[in-house]
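In what follows, every chain begins at residue 1, and chains take the letters A, B, ... in the order their sequences are listed.
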Amino acid sequence: MPPRPTFAALSWRQISQIRAHFIKSPQPHILNPLLGTLTSSAAPHSALHLYNLMIGLPAAHNHYTFTYALKACSFLQARHKGTEIHARVLKSGHWSDVFIQNSLLHFYFVHEDVVSADKVFETIDFPDVVSWTCVVSGLSRCGFEREAIDKFVVMDVKPNCSTLISVLSACCGLRELNYGRAIHGYVLRNWSEVTINLWNAILDLYAKCGFLVGARNLFVKMPERDVFSWTTIIGGYAILGCHEEAIKLFQEMLRVGPEPNEATIVNVLSACSSNGALASGEWVYTYLSSRPDFPLDGPVGNAQINMFVKCGDVDKAIHVYNKLESKDIITWSTITSGLAMNGRGNHALQLFSLMLVHGVSPDDITFIGLLSACSHSGLINQGLMLFEAMDRVYGVKAQMQHYACVVDMYGKAGLLEKAEAFIRAMPVEADGSVWGALLNACKIHGNEIMFERVRKRLVGSRSVSVGTLALLSNAYAGCERWEDANRVRDEMRLGGLKKMAGSSWVEVSPVINGDEVELTSASLG
DNA sequence: ATAGGGTTAG
């Protein structure tokens with residue numbers, strides 16, 4: 001729940017200026033623009049101060065006043081004040097003003113109050129394109145992507161660029177690549193005036209869905225490319241782990257494109273966060289020394305730490321970590337899990353204590369790192385203690401990945417019976433990742449009897465993922481049990497997994513192919 | 001003078 005705004009932060013000087021304005025000319029056509037200026041200023045709470053003054057005097061406000069005030073409430077997360085304004089709108093007789101209704105819609109969606117937003121929408125007699133866009137984007141941002149698309153389908157006014165951007169962001173959340181491609185086609189056929197933001201939204205959908213051929217073609221054909229376009233396509237390569245392509249594009253951007261911003265750096269470093277990408281990562285690191293305008297604390301510093309630990313350069317990661325003045329939960333989680341991945345489990349646990357000393361509370365992801373640290377380093381007692389304290393002390397509920405870590409921990413230590421007993425004692429049914437961890441342990445320790453038992457259990461389970469079956473198949477193949485390996489492959493094909501395998505394996509396939517447009521300074525015009 | 005949209009780390 002966002003805090004109510006305090007007006008104490010307003011200086012006396014500002015207050016007296018506003019009062020002077022108010023006394024000198026208490027007419028809406030003077031005060032409303034002032035209200036608008038204050039709303040988009042560095043101190044939107046001063047807008048609410050002026051609004052309070054205006055509301056006290058009927059001649060000083062009109063219907064415009066409410067839209068400005070609601071915008072200030074959306075900025076400020078001033079939920080209570082916004083509902084108060086809503087009540088006043090209803091009393092004032094302006095309840096059918098579509099500008100005010102749209103402002104209310106936006107206000108409620110910003111506060112993730114989907115129910116109130118929907119109620120407002122239902123009261124609008126003739127929703128216009130802004131009302132519809134507001135609903136589509138609001139539903140999408142609140143996690144109701146399917147409902148957002150459903151609204152878009154039934155809207156009875158012509159959409160514009162903003163509407164399409166909103167529905168594309170819903171498609172992004174659902175990985176609805178084909179729906180997005182249909183929108184792309186519709187735009188190409190029917191629209192002449194397309195904003196760069198709309199091209200960027202299509203680009204983002206393609207990038208997030210791993211459809212890099214489409215993204216790259218669009219990127220080259222777009223009439224212009226801004227920093228969002230470059231950042232988005234680099235992010236697409238990052239998702240697929242293609243660091244060579246990402247770093248090439250980044251260097252191209254430095255030559256012919258706009259100035260990179262923090263998001264660009266985060267994306268390109270994320271692309272370099274894989275084995276063998278240290279040289280690319282260090283190239284970006286060197287570039288950063290020419291950009292003292294980027295604050296190190298926050299995403300840029302964290303992304304550097306992540307890159308170095310993933311590339312195996314722990315000392316460099318610690319060097320960056322030491323330079324950070326304020327470390328957030330992502331810093332701590334990155335460095336602890338990174339140390340764990342590089343075999344420094346004890347060091348990871350020490351930093352966990354330090355994190356607590358700094359007053360940062362661990363979350364679910366922190367514990368995945370810690371538990372895997374214990375697993376990697378054979379620190380089984382510490383791991384079990386952490387798992388037990390996770391919920392009891394830190395209020396973090398165990399998820400499948402945590403259970404899988406514990407099974408992995410037992411498994412690595414050769415305690416296969418304990419691992420299996422742990423799975424059977426779980427309060428929720430284990431999924432493929434948990435059974436897979438046990439299977440892996442059986443394979444490592446050559447326990448064929450348990451392997452067979454787990455296999456039977458797995459194949460009968462509906463929650464088993466393609467990855468687990470692939471692991472099973474590979475495990476058989478590893479023991480040269482080819483018939484068993486093939487049987488599992490057949491089970492994968494027949495067991496309703498075809499679709500799943502198709503969608504997740506095909507789309508992530510190679511990125512660069514022959515028919516792609518070569519990206520050069522010339523083609524960028 | 002009034003309303004809606006895009007890239008960011010574990």
Indicate every side-chain donor-acceptor pair of residues 339-348 of chain A with a distance under 3.5 Å to a residue at least two apart or in another chain.
from: A:Asn342; atom 1: ND2; to: A:Val309; atom 2: O; distance (Å): 3.2
from: A:Asn342; atom 1: ND2; to: A:Gly338; atom 2: O; distance (Å): 2.8

Taking only distance into account, with no hydrogens and no angle test, what donor-acceptor pairs under 3.5 Å do side-chain atoms of residues 182-196 of chain A form with protein atoms, sequence neighbours excluded?
from: A:His184; atom 1: ND1; to: A:Tyr206; atom 2: OH; distance (Å): 2.7
from: A:Asn190; atom 1: ND2; to: A:Tyr186; atom 2: O; distance (Å): 3.0
from: A:Thr195; atom 1: OG1; to: A:Leu198; atom 2: N; distance (Å): 3.3

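Atom C1' of nucleotide B:dG10 and atom CG of A:Asp328 are separated by 9 Å, given to the nearest angstrom. Rounded to whole angstrom, the span from the CG atom of A:Leu351 across to the P atom of B:dG10 amounts to 18 Å. Whole-Å rounding puts the A:Leu38 CG to B:dA1 C1' distance at 14 Å.
For the residue pair A:Lys327 / A:Asn322, no side-chain donor-acceptor distance below 3.5 Å is found, with atom types taken as modelled. Judged purely by distance below 3.5 Å, without hydrogens or angles, the side chains of A:Asn306 and A:Lys310 pair a donor atom with an acceptor atom.
Among the heavy atoms of the strands lying under 4.0 Å from A:Gly298 is at least one base atom, whether or not backbone atoms are also near. Among the heavy atoms of the strands, none lies under 4.0 Å from A:Asp364. Within 4.0 Å (heavy atoms only), A:Thr336 reaches no atom of the nucleic acid at all. Residue A:Ile368 is out of contact with every strand shown, counting any heavy-atom pair closer than 4.0 Å.
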ask   = Could you run down nucleotides 2-7 of chain B 5' to 3' and tag each one B, S or - for protein heavy-atom contact under 4.0 Å?
value = BBBBBB

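A:His106 places no side-chain N or O within donor-acceptor distance of the main-chain N or O of A:Ser74, the cut-off being under 3.5 Å.
Between A:Glu112 and A:Arg79 there is no salt bridge, since no side-chain nitrogen of the basic residue lies less than 4.0 Å from a carboxylate oxygen of the acidic one.
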